[in-house]
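Working notes, beginning with the structure itself.
Lettering of chains follows the sequences in order, A, B, ..., and the numbering in each one begins at 1.
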Amino acid sequence: MDKEITAREAADILSELADLMEIKGDNRYRIRAYQNAARSLSSVSEELKVLVTEDRLMEIKGIGEGLSATIKEIFSTGTAGQLEELKRELPAGLLDMIEIPGVGPKRAHQLYYQLEISGVEDLKKALQEKKVQGLEGFGPKLAQNLREAVARYESFQERMKINEADRLAEKIAEHLEKKSELYHKYKSAGSLRRRKELVKDIDILMVPADPESDGLEKHLRELEGLHKVESGGSSKITLVLENGVKVDFRLVVGDEFPAAFIYFTGSKEHNVKLRQLAKQKGYFLNEYGLFSREDEERLELNQNNNLPEKARGGSASNSDQEKYAESAIYHFFGLDYIEPELREDRGEIEAARKGELPELIDFSNIRGDFHLHTRYSDGAFGIEEMAVAARELGYEYLAITDHSKSLRIASGLSEEQLKEQLEEIRKLQDKISGIKILSGIEVDILPEGGLDFSDEILEQLDLVIASIHSGFNQSRDKITGRLIEACHNPEVDIIGHPRGRLLGRRDAYQVDMSEVIEAAAETGTCLEINASPSRLDLDDLLARQAASRGVRLAISTDAHHTGELIDMKFGVDVARRAWLEKENVLNALPLEELLEFLA
DNA sequence: GCCGTTTTCGGCCCGACTGTTTTCAGTCG
């Protein structure tokens, strides 16, 4: 189990290679081929090792002879000769530099070769010393914009967590509602609508009441927390907030809305695929509609006829009206309606063509929560309060899973305290109706392997989650081994937050998730999608990989407070992005079937 | 570099906006 390159890591290396090729000024279609290959590779569910040894890389779309060889090289050596060569030629700092809005590959190239600027720090200095202005194509305004962009980059490198983005979008919505006469409707789009775990900027699509009026822009200038209006045209307004977040407004007229909604929801890669399809059929697709290439006439799509079956089904996340609007366009291409969470060019277009899209799980399918804490360990409420709050969400069951004794920092339970808790649950169950309280534990996987409680203790409980809370710096082999061993313990039902990451604060520990997924599949152990917006662990890609190997996922909140039980919706977002159906999810089971499973 | 319900060679998505320019390149989504 030596450090082995996964498909995702190989994909990252190809992306880096593509970025450097772009700065170097390589052929743009060659660069695109590398980017396409990286994207396909990042979402394959098979192990890279298998694909390499069986020589099947070329079965992946976008990977031909050349890239197959490069990927094999990456697999066996950990890098590519081309990449090493480019790294010798171009300093690594240039990769950071193209992260700055306004600096792309061309300008990075120019800055490096003409002023020897090889990173963000150099750029900042050169801007201060006004050296940049002299370059061809660099005027005083661009220099000023770059100065501001560098300052923002330094203060705000992180993306927002999805709950933060939701809050911000709500704040903007409140501001808009104050002057509802300015627009007919608006919808948030972009990665927020696709429910990505981290969001860079807020995208809002709007049909203004009067496209000629500057009333909207004026109103937006009064938004609380606004830093400045970065750009404003007749169809786009971009705001920058004090916290560095950009808010893009896209303005369209009513009948442009469906095409604009697809365009502005993205992803970019998904849009590119759709436009390729349009082109093949003799049309072109842009944000204003679908047009014939011959006469450039806009195609009027009847939005209510001949919808594919799945588009008629209800969904909590999209109103039928919007769905119909977008559906007409998808249907024109012979595709079923594609939910926003799937629009990442990870095979959804091919599946939609074959009518093989998943029937995505929905919050209404969730019947309980398995992972929550009470005052027995580090939670803020008692068992009864958590149970009542869970019942209010319409759940059939919840499991009480406090920490085990080794986790002193979270006042983990001793064997005696666990027994007391069991007793309280029994008594409470007689008193409270309408929800089943399962007894459980989040038992620590100890640094040297093994669990914090004996099997004799664990077998008295309804449900056991095993999690790692210590030894994060151990080797990849060691941590992978601890998790695999936990899977093989018959008392363990679920592996909690399998990668141990805290978004923006702590990286995942080193672990070979492919091996853990295989162990989970073999032993019938579930893997958690931890719904806390700070974790969202497993992520969409790994959850999808796990489900494709037959592993059931448990979506749980890890709530320490009654108010956190609703975080479940963020976990469902991940599950939807992972293509999960309710059959893939443990807590979509009715109580009876769940108890059978646990037994 | 990849790919083919037109193609094994000649294509490879589309548009807005800014700042720099006198017609467009660069960047972004």
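The CG atom of N36(A) sits 9 Å away from the P atom of dC13(B) (whole-angstrom rounding). For R32(A) and dG11(B), the CZ to P distance is 15 Å, given to the nearest whole Å. For Y288(A) and dA16(B), the OH to C1' distance is 7 Å, given to the nearest whole Å. Computed from coordinates, the D345(A) CG to dC12(B) P distance equals 18 Å when rounded to whole Å. One can place OH of Y29(A) at 15 Å from P of dG10(B), the figure rounded to the nearest angstrom. In this structure, CE of M21(A) is placed 7 Å from P of dG1(B), rounded to the nearest angstrom. Distance, Q276(A) CD to dG4(B) P: 11 Å, rounded to whole Å. Spacing between atom CD1 of I60(A) and atom P of dC2(B) amounts to 12 Å, rounded to whole angstrom units.
For S231(A), counting side-chain heavy atoms from C-beta on, the closest listed nucleotide (dC14(B), dG1(B), dT18(B)) is dT18(B).
No contact: I31(A) has no heavy atom under 4.0 Å from any strand. Heavy atoms of R28(A) sit nowhere under 4.0 angstrom from any nucleic acid atom. Among the heavy atoms of the strands, none lies under 4.0 Å from L274(A). The residue K273(A) sits apart from the nucleic acid: no heavy atom pair falls under 4.0 Å. Nucleic acid contact class of R293(A) (heavy atoms, under 4.0 Å, all strands): sugar-phosphate only.
Residue S235(A) places at least one side-chain N or O closer than 4.0 Å to OP1 or OP2 of dC17(B). For the OP1/OP2 pair of dC13(B) and a distance below 4.0 Å, the side-chain nitrogens and oxygens of N271(A) include no atom meeting the criterion.
No more than 12 heavy atoms of other residues, nucleotides or ligands shown are found within 6.0 angstrom of CZ on R28(A).
Taking atom P on both dC12(B) and dT6(B), the two are 16 Å apart, rounded to the nearest angstrom. dT20(B) and dT27(B) have their P atoms separated by 14 Å, given to the nearest Å. Of the C1' atoms belonging to dG29(B) and dC13(B), the separation is 12 Å, rounded to the nearest Å. Using atom P as the reference point in both dT8(B) and dC14(B), the two lie 23 Å apart (nearest Å). Separating the P atom of dG10(B) from that of dG15(B) is a span of 26 Å, rounded to the nearest Å. For dT5(B) and dG1(B), the P atoms lie 23 Å apart once the distance is rounded to whole Å. dA16(B) and dG11(B): their C1' atoms are spaced 26 Å apart (whole Å).
Side-chain atoms of E22(A) do not come within 3.5 Å of backbone N or O of L20(A) as any donor-acceptor pair. When atom types are taken as modelled, the side chain of H227(A) and the backbone of V245(A) share no donor-acceptor pair closer than 3.5 angstrom.
A cation-pi geometry, defined here as NZ or CZ lying under 6.0 Å from the six-membered ring centre and within 45° of its normal, holds between R193(A) and F261(A).
Each of R577(A), H270(A), R39(A) was checked for a side-chain hydrogen bond (donor to acceptor under 3.5 Å, both in side chains) with E344(A), and the lone residue meeting it is R577(A). Under the side-chain contact (heavy atoms from CB on, under 4.5 Å) rule, L335(A) has a single partner from L277(A), I329(A), L357(A), which is L277(A). When each of R8(A), R346(A), R195(A), K196(A) is checked for a salt bridge (charged side-chain N to carboxylate O under 4.0 Å, His left out) with D540(A), only R346(A) meets the rule.
Here the side chains of D248(A) and F264(A) are in contact, with some heavy-atom distance below 4.5 Å.
In this entry dG10(B) has dC3(B) as its Watson-Crick or G-U wobble partner, both defining distances falling under 3.5 Å.
Atom CG in D539(A) sits 5.0 Å away from atom CZ in R501(A) (nearest 0.5 Å).
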Encode nucleotides 19-29 of chain B as B, S and - characters from 5' to 3', where the letter depends on protein heavy atoms closer than 4.0 Å: B to the base, S only to sugar-phosphate, - to neither.
SS-----SSSB
